[in-house]
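Side chains are part of it too, since the values below use all heavy atoms of this structure and drop only hydrogens, waters and symmetry mates.
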Amino acid sequence: MKKTIINFIKLIARYILIALNGGFICMGTKKNRIIFESFNGRDISDNPLAIYRQLISDRPELRQSCYFSVKPSEYRRLAQAFPTIQLLKRFTPGWVGYIGRADYWVMNSRMPKWWKKNRRTTYIQTWHGTPLKRLGVDIDQVEIPGSSTAKYHRDFVEEAARWDYLIAPNQYSKTIFSRAFQFHNRFLDIGYPRNDILYQQDNLAAINQLKQCLFGMVPKKVVMYAPTWRDDDYRAKGVYNFELPFDLATFFKNVDADTRLIIRPHYLVKDHIDITGFEDRVSIMADADINQLYLVTDLLITDYSSVMFDFANLKRPMLFFPYDLAHYRDELRGFYFNYDQQHLPGPMVTTAADFYQQLAIFNRDGEFSASAAQLAAFNDQFCAWENGLAAEKVSQLILRGNSND
C-alpha cells in the first residue's frame, strides 16, 4: 500500500512538472544561462565538468549564470564536493524555470522524453565514451528491466533528434553514433573534453601530487581494475550483482609490495564489493574523477569497458580479462569490432591462471612488449582527434553563439 501511494505521488509530481514545462517551451531564453548535467544528475564529472571549467576560465563572470542539474538525493554530497558550483535540484519546481529558459544544455546522457526542450535552447550532447558495446538501435535485444527493445530504440532516436550538437571523440565513434542514434544534426569532431587533462597533466610532479591526494601516500605502482557492468546480472530492477573474477590474495602475490589496486566499478554495483582484509592496499573509487585515476594508473585491467579508449591516450599498458566473453559478446550486447588478441591493445586472458601470469609479467617488465604494436595502432585509431583542446573548442562555440545574439 505504501509503495502504491509513493508511486501515485511521483506520478502526480511528474504531471505538475510537465504542466510547468509546457509554459516555457515557446518563451525566450535567458542569455548566458547554461545548464550542465552529468549522468542524469548523479554526479558532477566527465565532459560537462571539463567544459564548465574551461568556460569559467575563459569568462569568469559566467559562474553566476551556470548551473549543474543534480539529483536531490545527491545534492548535499555534491554541494560539499563542489562548493563554488551552483546546483539545481533536478525535477523540482525551482529547477523548471532555470532549465526551461536556459540558453544552452550541456549534458552527457539522455534527458527523459517527457521533458520538453525550449525551442530556443541549444542542446550540446557530449556523450560519455567511445563505444565497444552496441548502442541505441544497434542493440538487437535490450535486457534492461522495465524496458522493451522497441521502446528503448524509439526513445533513443527521439532524444537524439533534440541534440543540436554531438561531440565525437574519433571517426570510429562518429560513424557509429550516426547510425546507432540516427543522429542528423551537427557533429563536433574534437575528441573528448574530459581527456584534455591527460595531455595537460601527464607529468611526474602532477601525478605524484594526485597520488598523494588519492591515497595519502605515493605508491610505486598503481593498478586499476575497471570492468563494465553486466546488464543481465541483477537480483531485482536496479539491483545488480558484482563479483571479482580474481582472488585478492593471489593478486598481491604477483605484484610488488608497494603496489596499490584501485577498483573502479559501475555506480550500480559499488556497494557490493568485498575487500575485507585488504583495505590498506585496495581502494574502491566509484565516484572519483576517472581522469585522475587514469593519470596515476600504471596498468589498466578491464574487460569490455570503454575506459580502454580514453586510457589509450596515455599509451600505457592494458590487460584484458573477459572471463565471460562468449556470453557477453554473443548473447548480451555484441561488439562493434573484433574483440580478440589481434586487435586489442594488450594481452587478453579468460582464466584466472593466465591472468596472474600476465600480471607477473607486467610486474617484472613494466609493459607487455608483445602487444606494443597493437597499442600503437589502437592509439592511432581512437585518439587521433585528441590534443588537449576539446573543452576550449566547446567553450568558444558557446561564447561565439552568445556574442551573435
Side-chain angles (χ1 to χ4, degrees), residues 198 202-228 243-265 273-285 288 290-305 307-323 325 339-379:
L198 302 182
D202 185 16
N203 61 78
L204 186 60
I207 291 169
N208 283 343
Q209 184 176 9
L210 284 174
K211 286 182 177 180
Q212 187 68 42
C213 291
L214 291 168
F215 307 116
M217 56 175 291
V218 182
K220 181 179 178 181
K221 287 183 181 177
V222 176
V223 177
M224 179 162 64
Y225 177 53
T228 194
E243 185 174 346
L244 280 173
F246 54 86
D247 175 68
L248 288 175
T250 309
F251 176 95
F252 285 111
K253 287 179 182 177
N254 287 279
V255 297
D256 292 337
D258 192 12
T259 297
R260 188 86 182 197
L261 173 64
I262 296 172
I263 299 177
R264 173 69 176 202
I273 304 172
D274 183 11
I275 61 170
T276 303
F278 296 93
E279 292 87 349
D280 61 334
R281 301 193 68 182
V282 181
S283 301
I284 299 174
M285 296 187 174
I290 186 66
N291 296 291
Q292 292 185 352
L293 301 187
Y294 291 148
L295 282 166
V296 302
T297 294
D298 299 292
L299 169 66
L300 173 68
I301 301 169
T302 187
D303 42 33
Y304 324 109
S305 175
V307 296
M308 69 176 80
F309 301 104
D310 297 318
F311 191 73
N313 284 282
L314 294 170
K315 301 180 181 180
R316 298 180 192 170
M318 288 184 259
L319 174 59
F320 295 85
F321 191 6
Y323 56 88
L325 177 59
Y339 186 94
D340 55 33
Q341 186 61 77
Q342 182 180 352
H343 296 88
L344 290 173
M348 183 183 76
V349 296
T350 56
T351 67
D354 289 341
F355 169 75
Y356 300 131
Q357 181 181 39
Q358 291 297 328
L359 186 63
I361 290 173
F362 166 77
N363 191 63
R364 182 192 68 204
D365 301 338
E367 62 179 355
F368 301 111
S369 56
S371 301
Q374 290 101 303
L375 178 57
F378 195 85
N379 180 276

Using the rule given for side chain to side chain contact (heavy atoms under 4.5 Å, CB included), can you reason through M285 versus L214, listing the C-alpha separation, both sets of side-chain angles and the distance that settles it, and then say yes or no?
CA-CA 9 Å; M285 296 187 174; L214 291 168; 4.2 Å; yes

Please step through side chain to side chain donor-acceptor pair (under 3.5 Å) for the pair R316 and T297, ending with a clear verdict.
CA-CA 9 Å; R316 298 180 192 170; T297 294; over 6 Å; no

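Side-chain atoms of K253 and Y356, non-hydrogen and from C-beta on, never get closer than 4.5 Å to each other. Using a 4.5 Å heavy-atom threshold, the side chains of V296 and I262 count as touching. Proximity of K315 to D202: side-chain heavy atoms (C-beta onward) are nowhere separated by under 4.5 Å. F246 has its side chain out of reach of L359: every pair of non-hydrogen atoms, C-beta onward, lies at least 4.5 Å apart. Considering only heavy atoms from C-beta on, L261 stays 4.5 Å or farther from V255 through its side chain. Between D310 and I290 there is no side-chain heavy-atom pair separated by less than 4.5 Å. Considering only heavy atoms from C-beta on, L375 stays 4.5 Å or farther from F368 through its side chain. Using a 4.5 Å heavy-atom threshold, the side chains of P265 and I284 count as touching.
Formation of a donor-acceptor pair under 3.5 Å by the N313 side chain with backbone atoms of L198 is not found in this model. With hydrogens and angles disregarded, a donor-acceptor distance shorter than 3.5 Å links the side chain of T351 to the backbone of D354. Within the 3.5 Å criterion, the main-chain N or O of M224 finds no donor-acceptor partner in the side chain of R264. Although no hydrogens or angles enter the test, the distance criterion places a donor-acceptor pair under 3.5 Å between the side chain of Y339 and the main chain of D303. Side chain of Q292 to backbone of I207: no donor-acceptor contact under 3.5 angstrom is found. A donor-acceptor pair is defined here as one N or O able to donate and one able to accept, closer than 3.5 Å; no such pair exists between the side chain of N291 and the backbone of Y294. Panel note: side chain Y304, backbone L325; a donor-acceptor pair is recorded below 3.5 Å. In terms of modelled atom types and a separation under 3.5 Å, the side chain of R281 and the main chain of T259 share a donor-acceptor contact.
One finds the CD1 atom of I275 at 7.0 Å from the OG atom of S283 (value rounded to the nearest 0.5 Å). Rounding to the nearest 0.5 angstrom, the gap separating the CZ atom in R260 from the CE atom in M217 is 6.5 Å. Atom CD1 of residue I301 and atom CD1 of residue I263 lie 10.0 Å apart, to the nearest 0.5 angstrom. Between atom CE of residue M348 and atom CD of residue Q342 there is a gap of 11.5 Å, rounded to the nearest 0.5 Å. Rounded to the nearest 0.5 Å, atoms OG1 (T250) and CZ (F355) are 10.0 Å apart.
Under the rule for a salt bridge (charged side-chain N to carboxylate O under 4.0 Å, His left out), the partners of D256 that lie at least two apart in sequence or sit in another chain are K221. Scored by the ring pair (Phe, Tyr, Trp, His ring centres under 6.0 Å) test, F309 finds F378, F382 as partners (sequence neighbours excluded).
Taking the ring centroids of Y225 and F251, they lie at or beyond the 6.0 Å cut-off.
Residues P322 and V349 come closest through the heavy atom pair CD-O, 3.0 Å. When every heavy atom of F321 is checked against every heavy atom of P245, the shortest pair comes out as CE2-O, 3.7 Å.
Shown here is Q209, whose CD atom has no more than 12 heavy atoms of other residues, nucleotides or ligands within 6.0 Å.
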